[in-house]
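The figures that follow rest on heavy atoms only: side chains count, while hydrogens, waters and symmetry mates do not. Please read all numbers here as calculations on a predicted model, not as lab measurements. Just follow the structure's listing: the first ligand is 1, and inside any ligand the first atom is 1.
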Amino acid sequence: MRIERLTGFVGARVAGVDLKAELSGDAREALLEALSAHQMLVFPGQHLDLAAQKRVTALFGDPMQLPYVEPLPEDREVIAVLKEATETNVGVFGGDWHSDFSFLPNPPAGSVLNAVEIPAVGGDTLWASQVAAYESLPKGLRAIVDGRKAVHVGAPYGVAHAPPEDSRSGASIRMTRGDPSADEERFHPAVVTDPRSGRRALFVNPIYTTRLDGMDHAESAPILAELFHHATRPDICCRLKWQAGELCVWDNRMSLHYATNDYDGTRRLLYRTTWSGEPPA
Ligand code: SIN
C-alpha cells in the first residue's frame, strides 16, 4: 500500500490496494490511520459494485441509512448522487460547503463516494481540513469556540431556514422537504477531537449551523461568517478531479466538502454510503 499526500493539509491517494479483495487486519488498521492523518483518501481504479462499496464502508464503521434523501430501492443505505445531462440551471446535491447531516443527533462519522460516470470536464469535489482550520484559528475566534456548542438544524429539509427553490438540486435527487421537525435544534461541540490522533478540529457547518450556543442568531451571524470563511480557505483545501472507478472516503468530523456544479449538459453519477460512529465529542 502506498499513501501519497495530495496537499499540505488534506487528502491522500492510496495505491497498491485492491478493495475488491478481503483486507487483512493490518491493512484495515493502516487505512484507519491514514484517514485520521489525511481526513480524506482516494483509491484510484477500483470500479467497485455496491456490495463491495458496502464492504469497504464497513471497514470504517457501520453503514447507516440517512433521512430525507431517497435511497436506492434495492439498498436503503446507498444514495445515487446523480445529475442528468438534461438537468441544467439547477443546484447540485452537496453544492455548498458542509459535512454530511451534522444536524442529526449522531451525524455520520464518514462517507464514501464511488465514481461511476464522470463528466470529461468539471464535477470536481473539494475538501477542507477542519484540523488545519482549528489549528490556524485566530486567538479571538478560538476563545469563542473552545468549550462551546454550536446549534445545527436540518435547514434544507425544514421550514424555518428552507433554501430558495432555484438553489435546490434537480429532480434526480429526491428529497423530503418542508418537515418542521427538521428545524429542531441539535447541539454539538464546536470543536471536536479525533479519538485516534488526539488532534482537534473545528466542527461548524455552513449549511446546518444556524447559531452558537449562548448567543442568538443575530449575535452568532458575524462570528459564524468569519468561521465559515476561515474554515474553507483555499490554503487548507484539496480538489479532486474524479476518474470513473475511483472510490473516495472522508471523515465528516474532521473535514468539510463541496461539490462543484460546473458540468451542465453532462451526466454525473456517484454512489454514496455513510458510516456511523461515536457522536461528535
Ligand atoms: C456530497 O456532498 O456527498 C456529494 C459530493 C459530490 O457529489 O461531489
Side-chain angles (χ1 to χ4, degrees), residues 6 10-11 35 39-44 50 53-54 56-57 60-61 63-72 75 77-85 87 90-104 107-130 152 154-157 163 167-175 204-209 228 231-232 237-264 266-276:
L6 296 176
V10 60
L35 185 61
Q39 299 122 57
M40 174 281 227
L41 303 174
V42 58
F43 301 81
L50 289 183
Q53 178 176 350
K54 290 285 291 286
V56 173
T57 307
F60 295 91
M64 67 188 280
Q65 187 187 333
L66 294 175
Y68 299 115
V69 182
E70 195 170 298
L72 293 188
D75 189 331
E77 290 170 347
V78 183
I79 61 171
V81 178
L82 169 64
K83 194 171 99 157
E84 293 287 3
E87 291 176 276
V90 290
V92 74
F93 183 73
D96 284 293
W97 282 106
H98 66 288
S99 62
D100 293 329
F101 282 66
S102 67
F103 61 91
L104 296 179
S111 302
V112 179
L113 272 179
N114 181 4
V116 178
E117 207 172 326
I118 294 299
V121 174
D124 302 352
T125 307
L126 284 77
W127 282 264
S129 167
Q130 296 311 286
H152 300 243
Y157 313 105
S167 69
R168 298 178 182 183
S169 46
S172 292
I173 307 253
R174 274 201 281 279
M175 295 187 194
V204 290
N205 193 320
I207 299 184
Y208 303 123
T209 304
F228 297 156
T232 56
C237 292
C238 77
R239 180 175 186 128
L240 180 66
K241 175 166 175 40
W242 290 97
Q243 306 289 330
E246 275 177 336
L247 187 100
C248 185
V249 306
W250 66 89
D251 185 323
N252 274 312
R253 309 275 195 264
M254 301 286 137
S255 65
L256 296 173
H257 59 283
Y258 178 103
T260 56
N261 187 12
D262 59 349
Y263 55 95
D264 271 8
T266 326
R267 190 172 197 263
R268 180 178 185 270
L269 171 65
L270 304 95
Y271 289 116
R272 198 183 82 176
T273 42
T274 41
W275 72 84
S276 62

Can you list the ligand 1 atoms lying under 4.0 Å from a non-hydrogen atom of V81?
-> 7 (O)
Can you list the ligand 1 atoms lying under 4.0 Å from a non-hydrogen atom of H98?
-> 2 (O)
List every atom of ligand 1 that sits less than 4.0 Å from any heavy atom of H257, numbering the atoms from 1 in the order shown and giving each element.
-> 1 (C), 2 (O), 3 (O)
Please identify which atoms of ligand 1 are closer than 4.0 Å to at least one heavy atom of T125.
-> 6 (C), 8 (O)
Element-labelled atoms of ligand 1 that are located less than 4.0 Å from some non-hydrogen atom of A259 | 5 (C), 6 (C), 7 (O), 8 (O)
S111 and side chain to side chain donor-acceptor pair (under 3.5 Å): which partner among D251, N252, T57?
-> N252
Atom of T274, atom of P108 and distance for their closest heavy-atom approach = CB-CB, 3.8 Å
Proximity of F101 and Y68 rings by center, below 6.0 Å = no
Consider ligand 1: state whether an atom of it lies below 4.0 angstrom from any non-hydrogen atom of L113.
-> yes
Nearest heavy-atom neighbours spanning L247 and Q53 = CD1-CG, 4.3 Å
Which atoms of ligand 1 sit under 4.0 Å from any heavy atom of G94?
-> 2 (O)
Please confirm whether the backbone N or O of Y263 pairs with a side-chain atom of T266, one donor and one acceptor, at under 3.5 Å?
-> yes
Could you tell me whether R272 and ligand 1 have an N or O pair separated by under 3.5 Å?
-> yes
Kindly confirm or rule out an N or O of W242 lying under 3.5 angstrom from an N or O of ligand 1.
-> no
Write down the atom of A244, the atom of I118, and the distance for their closest heavy-atom approach.
-> N-CG1, 3.9 Å
For Y208 and P156 the tightest heavy-atom approach is CE2-CD, 3.4 Å
Mind checking whether R268 has an N or O less than 3.5 Å away from an N or O of ligand 1?
-> yes
